[in-house]
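Below: one structure, written as structure tokens.
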Number of protein chains: 2
Amino acid sequence: MEQLYKQLQLENQLCFSIYATSREITKVYKPLLDKLGVTYPQYLALLVLWEHETLSVKKMGELLYLDSGTLTPMLKRMQDQELVIRQRSHEDERVVFISLTEKGKKLRDKACHIPEEVFSMANKSQGELEKLKETLQELLHSLHTYNQK
Amino acid sequence: MEQLYKQLQLENQLCFSIYATSREITKVYKPLLDKLGVTYPQYLALLVLWEHETLSVKKMGELLYLDSGTLTPMLKRMQDQELVIRQRSHEDERVVFISLTEKGKKLRDKACHIPEEVFSMANKSQGELEKLKETLQELLHSLHTYNQK
DNA sequence: CACTATTTAATTGTGTATAATTAAATAAAA
DNA sequence: TTTTATTTAATTATACACAATTAAATAGTG
């Protein structure tokens with residue numbers, strides 16, 4: 001039983017370190033993203049839009065691992081800020097396509113230097129962070145596959 | 001500019017992989033924690049209470065990297081479920097101590113096997129996950145130190 | 001002692017997250 | 001072709017997160 005209790009110690013919990021690190025990262029981004037007027041999840045939506053130009057809510061959800069309950073209200077707020085346009089597909093009325101406005105496209109150049117600014121706060125080498133990213137992507141894939149079933 | 005755009009690709013973002021993995025982990029815990037009737041953040045609060053028996057809201061916030069805006073309502077819900085007791089300190093009326101009820105203490109034995117169940121879904125060796133945890137704890141420390149300033 | 005600064009929770013307001021349900025549209029099957 | 005199943009967003013309800021403010025209590029200073 002002692003051994004089992006030991007695994008319940010916060011210090012020993014990988015899951016907690018991921019959870020806490022994720023939130024600290026959001027805080028690091030905050031002042032940088034305030035300059036663009038967006039939140040961290042909104043910034044992630046912009047990342048995929050800068051890459052794909054136009055995509056459905058479903059596709060965005062698959063890329064960001066978020067569902068419509070999160071995306072719909074968030075994208076409506078972004079539409080209110082004139083960053084994106086939401087329009088239903090003519091071929092399939094169930095589908096809503098999201099695309100960037102000119103204002104949304106322009107933000108890309110202002111966001112360009114954010115990755116390196118965040119990197120500088122990590123106190124880790126490029127290689128170590130690259131390795132960390134790869135390990136996490138593998139873990140993410142395993143967990144997501146499991147959660148789908 | 002192309003190089004800078006490349007760093008804005010979702011695929012290249014360590015931060016996103018942490019953010020997405022954190023949420024997938026919460027989903028893995030969900031069915032396990034449903035049996036105990038708690039959420040993942042509530043489970044984290046229980047972890048520190050199982051270790052410390054009694055502690056202030058401030059101390060819990062320091063351990064979990066959460067502030068009173070999150071903890072106060074969450075701990076009130078846990079009190080409604082009769083998992084914890086909230087009582088103001090007599091020495092310093094600003095301080096609220098949180099302690100476990102008998103029901104809260106008993107949950108520990110039901111939670112004992114959760115860590116290994118979650119571990120089994122990761123498809124990674126014990127050593128690799130241990131290394132990952134250490135790297136993340138270092139990163140967490142760097143980011144938290146930065147965010148405090 | 002009076003005054004100021006600090007500490008600690010609670011509150012408020014905004015923005016995610018997610019499960020569960022609903023509703024509309026399309027596709028597939030009998 | 002009617003029925004049934006599936007797909008896709010939106011909606012609803014609950015629970016975090018966190019910045020900013022408030023309020024109460026304590027500690028520190030002259």
Side-chain angles (χ1 to χ4, degrees), chain A residues 16 19-31 33-34 37-45 55-62 64-81 83-84 86-98 143-144 147-148, chain B residues 16 19-31 33-34 37-45 55-62 64-81 83-84 86-98 143-144 147-148:
Chain A
F16 170 70
Y19 170 79
T21 304
S22 178
R23 288 183 293 105
E24 291 298 316
I25 286 173
T26 302
K27 285 181 199 166
V28 169
Y29 273 96
K30 179 85 168 47
L33 294 178
D34 280 351
V38 297
T39 64
Y40 184 66
Q42 289 171 9
Y43 168 72
L44 294 178
L55 75 181
S56 66
V57 173
K58 179 174 173 58
K59 182 66 180 170
M60 184 181 286
E62 285 170 3
L64 300 180
Y65 300 83
L66 289 169
D67 80 355
S68 66
T70 301
L71 291 178
T72 296
M74 189 184 85
L75 292 168
K76 282 181 178 174
R77 282 188 288 271
M78 293 176 79
Q79 185 175 46
D80 292 343
Q81 293 179 71
L83 294 174
V84 303
R86 298 164 66 251
Q87 45 195 351
R88 280 194 187 275
S89 164
H90 296 307
E91 292 85 49
D92 186 337
E93 291 282 342
R94 294 167 303 180
V95 176
V96 172
F97 283 120
I98 310 297
L143 297 177
H144 186 249
N147 283 330
Q148 289 303 86
Chain B
F16 170 70
Y19 171 78
T21 303
S22 178
R23 287 183 295 104
E24 291 298 316
I25 286 172
T26 303
K27 285 181 199 166
V28 168
Y29 273 96
K30 179 83 168 48
L33 294 179
D34 280 350
V38 298
T39 64
Y40 183 66
Q42 289 172 11
Y43 168 72
L44 295 178
L55 74 182
S56 66
V57 173
K58 179 175 173 59
K59 181 68 180 169
M60 184 181 286
E62 285 170 2
L64 300 180
Y65 301 84
L66 289 169
D67 79 355
S68 66
T70 300
L71 290 178
T72 297
M74 188 184 85
L75 291 168
K76 282 181 178 174
R77 282 187 289 271
M78 292 177 79
Q79 186 174 45
D80 292 343
Q81 293 179 72
L83 295 174
V84 303
R86 297 164 66 252
Q87 47 195 350
R88 279 194 187 275
S89 164
H90 296 306
E91 293 84 49
D92 186 337
E93 290 282 342
R94 297 168 301 180
V95 176
V96 172
F97 284 120
I98 310 297
L143 296 178
H144 186 249
N147 284 329
Q148 289 303 87

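All chains are named by letter (A, B, ...) in the order of the sequence lines, taking the proteins before the strands, and each is independently numbered beginning at 1.
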Checklist entry - Looking at dC16(D), dA9(D), dA19(D), which one has an atom nearest to any side-chain atom of Gln42(B)? => result dC16(D)
Checklist entry - Where does the angle between the aromatic ring planes of Tyr65(B) and Phe16(A) fall among parallel (under 30°), tilted (30 to 60°) and perpendicular (over 60°)? => result tilted
Checklist entry - For His90(A) and Pro73(B), take the nucleotide of DNA chain C holding the closest heavy atom to each; which residue's nucleotide lies nearer the 5' end? => result Pro73(B)
Checklist entry - Checking all strands, does Lys59(A) fall into the base, sugar-phosphate, or nothing category for heavy-atom contacts under 4.0 angstrom? => result nothing
Checklist entry - Asp34(B) CG to dA20(C) C1': how many Å, rounded? => result 13 Å
Checklist outcome for this item: Taking dT18(C), dA19(C), dT8(C) as options, the one with an atom nearest any side-chain atom of Arg23(B) is dT18(C)
Checklist entry - If each of Met74(B) and Gly69(A) is mapped to the nucleotide of DNA chain D with the nearest heavy atom, which maps nearer the 5' terminus, i.e. the 5' end? => result Gly69(A)
Checklist outcome for this item: Taken to the nearest whole Å, CZ/Arg86(A) to P/dT8(D) is 17 Å
Checklist entry - So, for Phe97(B) and Ser89(B), which heavy atoms are closest and what is the spacing to 0.1 Å? => result CE1-CB, 3.5 Å
Next on the checklist: By nearest atom, which of the nucleotides dC18(D), dA15(D), dA19(C) is closest to the Lys27(A) side chain?
Outcome noted: dC18(D)
Checklist entry - Do Leu66(A) and Arg23(B) have side-chain heavy atoms sitting under 4.5 Å apart? => result yes
Checklist entry - Which whole-number value in Å describes the distance from Met78(A) CE to dT16(C) P? => result 9 Å
Next on the checklist: In whole Å, I'd like the distance from the OH atom of Tyr65(B) to the P atom of dC16(D).
Outcome noted: 20 Å
Next on the checklist: Could you tell me how far apart Arg88(B) (CZ) and dT7(C) (C1') are, to the nearest whole angstrom?
Outcome noted: 13 Å
Next on the checklist: From CG of Leu66(A) over to C1' of dG15(C), roughly how many Å is that when rounded to an integer?
Outcome noted: 13 Å
Checklist outcome for this item: Side-chain contact check for Arg94(A): nearest option of dT16(C), dT8(D), dT26(D) is dT8(D)
Checklist entry - Side-chain contact, heavy-atom cut-off 4.5 Å: Thr39(B) with Arg77(B)? => result no
Next on the checklist: Any base atoms under 4.0 Å from Thr26(B), or only sugar-phosphate, or nothing? Heavy atoms, all strands.
Outcome noted: nothing
Checklist entry - When the nearest nucleotide of DNA chain D is assigned to Asp92(A) and to Thr70(A) on a heavy-atom basis, which residue is associated with the more 5' position? => result Asp92(A)
Checklist entry - Of all the choices, dA10(D), dG15(C), dC18(D), which nucleotide is nearest to the side chain of Thr39(A) once you look at every atom? => result dG15(C)
Checklist entry - Does the dA10(C) base have a donor-acceptor partner in the side chain of Ser68(B) within less than 3.5 Å? => result yes
